[in-house]
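Written below as structure tokens is the structure these notes are about.
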Amino acid sequence: MSVSRDFLEYVLDLLAPLGPITTRRMFGSVGLYLDGRMFAIVSGENRFYVKSDSQTQAQFDKADCLPLTYTTKKTNGDSKTIALSFHAPPESVLDDRQQMLEWAQLGVEAAARVPEKKQRKPSAGSPADLYRRRR
């Protein structure tokens, strides 16, 4: 299932006061980025999810916000549900720009607290590349 263009544009319109938001499609959803950091997700079910962390989790729990989940199948055939650190704020926020911005700001702050990934050094290549160079 893919994200509705109309719903995505509606969410981006509500979030416009935050600044220039960029998007990236991923696994049937769309990641929302501010200053290069993902702070929210619009899912294929047209739900808006905000990044959470240990400092904001209590606010999401207090409002009974459901986490974004996905299910995987194990090799033995069993299913496992994984909860991500993104939560859907109350649906009523989609009708109120100010509330939407307040919830989104929690995601922006949580994203800012995530340490930046270290740049990886270029590898020497795959074992196949090394083999080809020896010839």
Side-chain angles (χ1 to χ4, degrees):
M1 189 177 297
S2 63
V3 175
S4 157
R5 179 183 293 277
D6 290 339
F7 182 72
L8 179 60
E9 287 178 5
Y10 177 73
V11 168
L12 291 173
D13 181 57
L14 288 174
L15 298 176
L18 290 176
I21 295 172
T22 56
T23 62
R24 189 160 87 200
R25 293 197 175 279
M26 49 195 291
F27 308 110
S29 298
V30 176
L32 306 183
Y33 294 77
L34 187 65
D35 298 327
R37 294 176 177 259
M38 187 165 62
F39 72 96
I41 294 175
V42 175
S43 74
E45 293 84 28
N46 293 324
R47 302 259 343 236
F48 175 68
Y49 293 90
V50 176
K51 183 161 186 60
S52 63
D53 66 3
S54 60
Q55 293 184 33
T56 60
Q57 187 62 50
Q59 290 170 276
F60 289 99
D61 290 343
K62 184 178 177 183
D64 292 325
C65 299
L66 297 176
L68 175 59
T69 61
Y70 68 93
T71 304
T72 63
K73 286 222 183 226
K74 295 183 177 182
T75 54
N76 64 3
D78 292 343
S79 295
K80 181 178 180 181
T81 300
I82 310 292
L84 301 177
S85 60
F86 289 84
H87 288 77
E91 286 194 35
S92 62
V93 304
L94 292 172
D95 298 327
D96 184 328
R97 180 186 300 257
Q98 188 56 42
Q99 284 185 17
M100 181 79 154
L101 290 171
E102 289 169 8
W103 282 98
Q105 189 61 42
L106 293 175
V108 170
E109 292 167 5
R113 287 189 286 270
V114 174
E116 288 196 40
K117 292 181 182 178
K118 293 181 181 178
Q119 293 292 328
R120 290 179 18 175
K121 293 180 182 177
S123 69
S126 70
D129 290 338
L130 294 173
Y131 177 78
R132 283 187 214 107
R133 282 189 222 139
R134 290 192 318 204
R135 296 182 104 194

Checklist entry - Would a hydrophobic clustering, with Ile, Leu, Val, Met, Phe, Trp and Tyr connected at side-chain separations under 4.5 Å, put Leu66 with Leu84? => result no
Checklist entry - What distance separates Thr22 OG1 from Asp35 CG, expressed to the nearest 0.5 Å? => result 9.0 Å
Next on the checklist: Let me confirm one number: the CD-SG distance from Glu91 to Cys65, rounded to the nearest 0.5 Å.
Outcome noted: 10.5 Å
Checklist outcome for this item: In this structure, NZ of Lys80 is separated from OH of Tyr70 (nearest 0.5 Å) by 8.5 Å
Next on the checklist: To the closest 0.5 Å, what do you measure between CG (Asp78) and OG1 (Thr72)?
Outcome noted: 10.0 Å
Next on the checklist: Let me confirm one number: the CD1-CE distance from Ile41 to Met26, rounded to the nearest 0.5 Å.
Outcome noted: 5.0 Å
Next on the checklist: Could you report the tightest heavy-atom contact between Ser52 and Ala110, atom names first, then the distance?
Outcome noted: C-CB, 4.1 Å
Next on the checklist: Side chains of Asp53 and Thr56: any donor to acceptor distance under 3.5 Å?
Outcome noted: yes
Which side-chain N or O atoms in residues 4-19 pair as donor and acceptor under 3.5 Å with protein atoms at least two apart or in another chain?
from: Ser4; atom 1: OG; to: Asp6; atom 2: N; distance (Å): 3.3
from: Ser4; atom 1: OG; to: Phe7; atom 2: N; distance (Å): 3.3
from: Tyr10; atom 1: OH; to: Leu94; atom 2: O; distance (Å): 2.4

Next on the checklist: For a 4.5 angstrom cut-off between non-hydrogen side-chain atoms, does Met38 reach Lys51?
Outcome noted: no
Item to check | Gap between atom CD of Glu102 and atom CD of Gln99 - 0.5 Å precision | outcome: 6.5 Å
Checklist entry - Can you name the closest pair of heavy atoms from Ala104 and Phe48 and give their distance? => result CB-CZ, 4.5 Å
Item to check | Where Arg47 and Ala88 come nearest, the two heavy atoms and their spacing | outcome: NH2-CB, 3.2 Å
Next on the checklist: Treating Arg113 as the side-chain partner and Gln55 as the backbone partner, does any N or O pair qualify as donor plus acceptor under 3.5 Å?
Outcome noted: no
Next on the checklist: Between Val50 and Phe39, is the side-chain contact (heavy atoms from CB on, under 4.5 Å) condition met? List the steps.
Outcome noted: CA-CA 6 Å; Val50 176; Phe39 72 96; 5.7 Å; no
Checklist entry - Minimum heavy-atom separation for Gln59 to Trp103, with atom names? => result O-CH2, 3.8 Å
Next on the checklist: Within the structure provided, determine whether Ser43 and Phe86 are in side-chain contact (heavy-atom separation under 4.5 Å).
Outcome noted: no
Next on the checklist: Could you walk me through whether Asn46 and Val3 satisfy the side-chain contact (heavy atoms from CB on, under 4.5 Å) test, starting with their C-alpha distance in whole Å, then the side-chain angles of each, then the deciding distance to 0.1 Å, before giving a yes or no?
Outcome noted: CA-CA 6 Å; Asn46 293 324; Val3 175; 3.9 Å; yes
Next on the checklist: Tell me whether Asp61 at atom CG has more than 12 heavy atoms from other residues, nucleotides or ligands lying less than 6.0 Å away.
Outcome noted: yes
